[in-house]
There are 2 protein chains.
Amino acid sequence: MAANSQFSMAVHVLTVLARHEGEKIKSEKIACSVNTNPVVIRRLLGQLAQAELVESQTGAAGGTQLGRSPDQITLAEVYGAVSCGEVFALHGKPPDRNCPVGRNIEAVLCNLQKQIDRSVAETLSRHTLQSVLEVIEQEKP
Amino acid sequence: MAANSQFSMAVHVLTVLARHEGEKIKSEKIACSVNTNPVVIRRLLGQLAQAELVESQTGAAGGTQLGRSPDQITLAEVYGAVSCGEVFALHGKPPDRNCPVGRNIEAVLCNLQKQIDRSVAETLSRHTLQSVLEVIEQEKP
DNA sequence: CATAACTGTAACAATCTTAGTTACATTTCA
DNA sequence: TGAAATGTAACTAAGATTGTTACAGTTATG
């Protein structure tokens, strides 16, 4: 249980919500589909709510629903809501400033990170929750 | 010490080697620039050697040098040599097969992973070790 | 040929991140 | 008022990565 599967979970969660547009879904029901603990789902929903992708209601008969229609939510937004935006990590300890490479490599890597992030965002922005939902419904065996 | 900084380290290491083409460099010297332990560097060099990006020699007066000239090494190759090729992780536990979403979401995510991987590779293939080296040398303050 | 100086690698400790879990305060409907 | 949900804190468990020590294997060199 180490690798960062938050994006996978987020897409899963949102797809479940998309299949029941208009309804308020309980975290327990979502957790069942994802096969995890309701608290894990609620934590994730918190992040998605901050990005205004979902809206939750407390109290009895509470639950969560999408903040917009599925064709208005791109996977790039989902990724942005749950990821730190770093495909690879920079150096842990700072490199040796006496070495020309050590002195300047971080700027190069930082720049690369931004380029990759843009390219990932562009790829993901070609998919909406609606398009994911269509694949899911269609592939139902 | 958790995030995967292998790619960052690999670019750093290879850039150091590129600055001294033709020479055999000791792992200790590289470690000094990266500010880490020589064993960590040797482990990384092992992966890079498998990808034929570097060549090492054991014994006294041994060391490591590039396997090709810097303009023949793209950062996409470097990334491929040290990364597992997964920007995000799939589900840990398998989702609920009784739910249509749980049943089909993994295929969707797997497909996305491939698309992202291609897009990252394409972005990185626009940079060579040579171009990185040029930035480093030029920005020397 | 012996020694010094490297690399390669195994084994282990330390640290950090993530997921899972329990517990409980808070909110809301009936 | 009480049942049922979310929100959240605190803790445990597991996994991955890095750092470190130790040592075997290799090779130039005196």
Side-chain angles (χ1 to χ4, degrees), chain A residues 1-10 12-13 17 20 23-50 54-65 67 82-96, chain B residues 1-10 12-13 17 20 23-50 54-65 67 82-96:
Chain A
M1 309 150 183
N4 180 20
S5 63
Q6 289 207 107
F7 175 69
S8 288
M9 276 205 335
H12 189 149
V13 166
L17 294 179
H20 303 277
E23 298 176 47
K24 276 175 284 188
I25 310 294
K26 293 188 292 183
S27 64
E28 195 185 333
K29 180 170 179 179
I30 303 175
C32 183
S33 172
V34 178
N35 189 16
T36 186
N37 192 294
V39 176
V40 173
I41 297 297
R42 291 204 289 269
R43 275 202 291 248
L44 183 59
L45 286 173
Q47 293 184 266
L48 297 176
Q50 281 203 325
V54 303
E55 288 168 357
S56 294
Q57 240 184 35
T58 62
T64 305
Q65 53 191 338
V82 300
S83 101
C84 61
E86 300 189 350
V87 171
F88 59 88
L90 277 329
H91 290 65
K93 294 176 172 179
D96 179 19
Chain B
M1 309 148 180
N4 181 21
S5 63
Q6 288 209 106
F7 175 70
S8 288
M9 276 205 336
H12 189 148
V13 166
L17 294 179
H20 303 278
E23 298 176 48
K24 275 174 285 189
I25 311 295
K26 292 188 293 184
S27 64
E28 196 185 334
K29 181 169 180 180
I30 304 174
C32 183
S33 173
V34 178
N35 189 15
T36 185
N37 191 294
V39 176
V40 173
I41 297 298
R42 292 204 287 270
R43 275 202 290 247
L44 184 59
L45 287 173
Q47 294 184 265
L48 298 176
Q50 281 203 324
V54 304
E55 288 168 358
S56 294
Q57 240 185 36
T58 62
T64 304
Q65 54 190 337
V82 300
S83 101
C84 62
E86 301 190 352
V87 170
F88 59 88
L90 278 328
H91 290 65
K93 292 177 175 179
D96 179 18

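Letters go in sequence order (proteins before strands), and every chain restarts at 1.
With C:dA19, C:dC29, D:dA9 as the candidates, the nucleotide lying closest to the side chain of A:Val39 is D:dA9.
Spacing between atom CZ of B:Phe7 and atom P of D:dT17 amounts to 16 Å, rounded to whole angstrom units. B:Asn4 has its CG atom 12 Å from the P atom of D:dA16, to the nearest Å. The separation between B:Lys26 atom NZ and C:dT7 atom P is 8 Å, rounded to whole Å. For A:Gln47 and D:dT6, the CD to P distance is 17 Å, given to the nearest whole Å. Atom pair B:Asn37:CG and C:dA13:P shows a separation of 17 Å (rounding to whole Å applied). Between the C1' atom of D:dT18 and the CD atom of B:Gln6 lies a distance of 10 Å, rounded to the nearest Å. Rounded to whole Å, atom P of D:dA14 lies 12 Å from atom NZ of B:Lys93. A:Glu23 has its CD atom 14 Å from the P atom of D:dA5, to the nearest Å.
Of the possible polar contacts, one joining the B:Ser8 side chain to the A:Ala89 backbone as a donor-acceptor pair under 3.5 Å is found.
Here A:Thr64 lies out of heavy-atom contact (under 4.0 Å) with every strand. Using a 4.0 Å heavy-atom distance criterion, A:Glu28 is classed as making no nucleic acid contact.
Judged by closest nucleotide on DNA chain D, A:Leu45 is the one of A:Leu45 and B:Met9 placed further toward the 5' end. Closest-nucleotide positions on DNA chain C for A:Gln57 and A:Val40 were compared, and the one nearer the 5' end corresponds to A:Val40.
Between A:Thr36 and B:Lys93 there is no side-chain heavy-atom pair separated by less than 4.5 Å. Inter-residue side-chain proximity for B:His91 and A:Asn35 is flagged as unmet; no heavy-atom pair is nearer than 4.5 Å.
Residue-environment remark: CD (B:Glu23) exceeds the threshold of 12 foreign heavy atoms within 6.0 Å.
Contact between the side-chain N/O atoms of B:Ser27 and the OP1/OP2 oxygens of C:dT7 is found at a separation under 4.0 Å. Applying the 4.0 Å criterion to OP1 and OP2 of D:dA5, one finds that A:Thr58 has every side-chain N and O outside that range. Look at A:Arg42 and you won't find any side-chain N or O under 4.0 angstrom from OP1 or OP2 of D:dG7. Residue A:Ser56 places none of its side-chain N or O atoms closer than 4.0 Å to OP1 or OP2 of D:dT6.
Heavy atoms only, all atoms of each residue included: A:Ile25 and A:His20 are closest at CD1-CB, 3.7 Å.
Evaluation of atom-type donor-acceptor distances gives a pair under 3.5 Å for the side chain of B:Arg43 against the base of D:dT20.
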